[in-house]
**Student:** 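Pasting a structure here, questions to come.
Every chain is numbered from 1 and lettered A, B, ... according to where its sequence line falls, protein lines coming before strand lines.
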Amino acid sequence: MNILGIESSCDETSVAIISNDKLTANLVSSQEFHTKYGGVVPELSSRAHLQMVIPLLKDALKKSELRLDEIDVIAATAGPGLVGALLVGLTFAKGLAYSLKKPFVPVNHIEGHIFSGFLMDEKPEFPMLVLAVSGGHTLLLHVKSFYEIVKLGTTVDDAAGEAFDKVAKMLGLGYPGGPKIQKAASEGDPKKIKFPVADLAGRYDFSFSGLKTSVLRHIQKEYGPSLQIPEADRNDIAASFQYAVIKALIRNSERALKNYDVKTISIAGGVAANKALREAFAELAEKYNKKLVVPSMSYCGDNAAMIAYRGQKVFESGKTFTLGYNAYPSLPEGIFQD
Amino acid sequence: MELPFKKEINTELETNSVAEEFAKIISEGDVICLNGNLGAGKTYFVKQIAAIFGIKNASSPTFAIVNEYTGQKKIYHFDFYRINEVNELYDIGFNDYINDADSIVFIEWAELFPDVLPSNTIEVKLTLNEDNTRVIEINKNGRR
């Protein structure tokens, strides 16, 4: 069976193919791709997706040595994300499904991330504790099977990845903030400055807005009004900030480990690419004697491999969808059990 | 609440009561611009108003550019922070959102792209002072 996956929920356009349970292509649009096929369009736009999706599909088929009519199921991200961007991939998928007379499967982007650990050779085992962390989401989930997902906590304000981006900007480190902070932090002292992270007592929710403000306060107090930060201090601030974020993510995850039946811990999403976070989770897993599955870098950011994988599981569950299925911008309330 | 409005805020509770008063004077079709530095409390203010309309899942739209919420009112919650150029906004259908007379539109960092805003907006300006107090100023803005 050949599954086509299409992802266009935010900045990245991606097309992937899973052929007989094996990932044969996972292509993500890159700046070079834009130059090759389209020239200059705004980086963040529906038009950019529109320009990328067909060339990506052609390359993915070529790489998988398949013809378009050999695709059996067409899966695409339906949400959450930017509606204009989602509609490009979703409508394209529906069009393909209609013309090829093949089933169309809408995929929840977050569910794609949740099960991205299954793209690794070492598979997770249920029940899992999954932390899905990205620029747009921070979710802690208890996943009992492919179809039973319980939401334990989420961010009440900023996502973890967003805090990385904003602090990187304050420090003059540029975009994207994750890798920049990680690099600066690797040369800094994580215990130098004690930044507080809100603990929403006893709950699994996260809050990173206050942390962001306290980093800003620190910079203004120490280096105002010029805001010229010496490099060594900048590294210490980056390290201390990163430490505070990880501490909050670990704290809530550990709380969940104590209260829920868990065999595997998995972290997913763009922030899961952070090395210090991976190390902290490796320690946590060891302490509680749990299996840890962390997707490799290419499955952490937004990618269509996870959409194809999830699409196959949803298809196998026997659920069918009409072409009237619409894109949804926000995570629908109640999509995960509380 | 009468506009223009200005108040010094010392606690979250005071912010909440300003949000509550403000929520009474806004309605569908309004475009509310939130300006103020990182950490000034823009997202928090929108969250409080959303909560008054029965929306519990409001959060920062920085990454997504726009979040949509539906409760007793429908809300589009924008953030221009990550936008590099005006065309990106038009490309994601900004005009469709802004002309939806059935929704209230909130825009964080609206001042970054003043030219895309309609002529009548309400501006909520949030200032975070050195001593951790905040000032909330609310004005009706008629451009030109």
**Student:** Check each atom of A/Lys212 against the heavy atoms of chain B and say whether the ones under 4.5 Å are side chain, backbone, both or neither.
**Tutor:** side chain
**Student:** Pick one of side chain, backbone, both or neither for A/Leu87, based on which atoms fall under 4.5 Å of a heavy atom in chain B.
**Tutor:** neither
**Student:** Please tabulate, for the side chains in residues 214-224 of chain A, all donor-acceptor contacts under 3.5 angstrom to protein atoms that are two or more places apart in sequence or on a different chain.
**Tutor:**
| from | atom 1 | to | atom 2 | distance (Å) |
| --- | --- | --- | --- | --- |
| A/Ser214 | OG | A/Leu211 | O | 3.0 |
| A/Arg217 | NE | B/Asn132 | OD1 | 3.2 |
| A/Arg217 | NH1 | A/Gln220 | OE1 | 3.0 |
| A/Arg217 | NH2 | B/Asn129 | O | 2.3 |
| A/Tyr223 | OH | A/Asp233 | OD2 | 2.8 |

**Student:** Look up atom OH in B/Tyr44 and atom OG in A/Ser207, then write down how far apart they are to the nearest 0.5 Å.
**Tutor:** 10.0 Å
**Student:** side-chain contact (heavy atoms from CB on, under 4.5 Å) for B/Phe63 and A/Asp158? Distances and angles first, verdict last.
**Tutor:** CA-CA 9 Å; B/Phe63 187 72; A/Asp158 298 1; over 6 Å; no
**Student:** Specify which of A/Ser330, A/Gly135, A/Gly84 makes the most heavy-atom pairs with chain B at under 4.5 Å.
**Tutor:** A/Gly135
**Student:** Please list, in residue-number order, every residue in residues 20-42 of chain B that has a heavy atom less than 4.5 Å from any heavy atom of chain A; write 'none' if there are none.
**Tutor:** B/Leu38, B/Gly39
**Student:** Any chance you could measure A/Glu162, atom CD, to B/Thr43, atom OG1, to the nearest 0.5 Å?
**Tutor:** 6.5 Å
**Student:** Roughly how far, to the nearest 0.5 Å, is the NZ atom of A/Lys166 from the CZ atom of B/Arg82?
**Tutor:** 10.5 Å
**Student:** Answer whether the closest heavy-atom distance between the side chains of A/Thr213 and B/Leu128 falls below 4.5 Å.
**Tutor:** yes
**Student:** Atom CG in A/Asp157, atom OG in B/Ser59: separation rounded to 0.5 Å?
**Tutor:** 8.0 Å
**Student:** Of the non-hydrogen atoms in B/Ala64 and A/Leu82, which two are nearest, and what is the gap between them?
**Tutor:** O-CD1, 2.8 Å
**Student:** So what's closer than 4.5 Å to chain A heavy atoms on B/Tyr76: side chain, backbone, both or neither?
**Tutor:** neither
